[in-house]
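Accompanying notes for the structure given below.
Counting starts at 1 for both ligands and their atoms, following the listed order. In this text the structure is predicted, and so the values were computed from the model without any measurement.
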Amino acid sequence: MTKVWATLLLSALPLASLADLNIFACEPEWAALAEEIGHEHVDTNSATTAFADPHYIQARPSLIAKVRNADLVICSGAQLEIGWLPMLLQKANNRNVMPGTPGNMEASSYVLRLEATGNVDRSQGDIHPQGNPHVQTDPHNIAHIAVALGERMAKLDPENAAIYEAGLADFSARWTEAIANWEKRASELRGKRAITHHKSWVYLQHWLGITEVANLEPIPGLPPTATHLSRLLSQFKDGGADFIIHSTYQHEKPSDWLSERTGIPTIMLPLTVGGTDEATDLFALFDDIISRLLGATAL
Ligand SMILES: [Zn+2]
């Protein structure tokens with residue numbers, strides 16, 4: 001009997017976490033934020049990486065197992081993960097993390113969503129029907145979400161509440177200081193005009209005063225077409241934009257095509273932590289985004 005128990009325990013070990021809170025994040029930025037607040041008390045997993053389009057991933061069995069073991073599921077929401085998260089939650093069948101429970105958190109519901117038109121019709125191909133879900137590109141949004149996440153972690157793991165409160169306070173102080181530095185560094189970006197591949201950067205643009213003049217996608221979620229690109233070429237052949245932005249996971253071909261014909265420089269930006277060698281954590285992510293934008297405007 002003892003031997004059986006020992007075998008059972010051993011086989012269960014790889015799934016069990018030694019941390020106090022098991023956090024399943026849909027995107028790397030929320031895993032990184034939970035680590036900033038909880039340090040060694042949290043064990044985090046991210047469903048997506050900076051090299052995948054968060055709108056579309058496969059609900060793999062390894063992800064189902066992770067949701068099954070999670071105490072908290074945190075996702076951007078606003079339908080960003082509608083193509084895969086509901087199935088993941090259903091298959092994992094973990095009642096502690098179902099929508100509406102304390103173990104389920106939608107990050108974008110703690111900030112003012114931009115482009116919320118109230119049009120919930122996806123039939124035109126628009127994959128942002130509840131407003132833009134890419135809220136992590138404004139650090140002020142992350143500050144608000146950090147407060148909500150810290151409170152949630154304390155509620156789910158009351159024994160460590162004081163630790164999460166202290167972690168949140170420490171993060172918030174460092175984050176506020178970092179935002180002031182980023183805003184100082186980025187002041188010359190105000191008024192610049194951006195063409196972006198997908199509508200991934202509306203919060204960053206809103207924050208830094210950059211104007212979005214066009215997208216390579218004809219509608220959010222529809223890949224760039226030859227017709228749309230030639231339309232953009234005639235629109236921008238004599239200027240009218242300062243840079244073309246694409247993210248790590250997007251093909252650089254459409255950006256390069258337009259850049260070669262218009263002379264407008266392209267910039268590859270990490271949409272989340274891990275998207276470049278430099279973007280190793282949330283602080284480094286914004287350092288890198290601003291450096292890359294300033295580098296392109298200095299050309
Ligand atoms: Zn999107």
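At least one donor-acceptor pair closer than 3.5 Å links the side chain of Gln250 to the backbone N or O of Ser247. Although no hydrogens or angles enter the test, the distance criterion places a donor-acceptor pair under 3.5 Å between the side chain of Glu81 and the main chain of Ser76. Of the possible polar contacts, one joining the Asp242 side chain to the Arg193 backbone as a donor-acceptor pair under 3.5 Å is found. Between the side chain of Ser259 and the backbone N or O of Ile264, at least one donor-acceptor pair lies under 3.5 Å.
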- Verdict with reasoning, Asp287 to Trp182, per side chain to side chain donor-acceptor pair (under 3.5 Å): CA-CA 7 Å; Asp287 284 341; Trp182 291 322; 2.7 Å; yes
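Excluding waters, the count of protein N/O/S atoms less than 2.8 Å from the Zn ion (ligand 1) comes to 4.
There is a side-chain donor-acceptor pair under 3.5 Å between Glu35 and Thr44.
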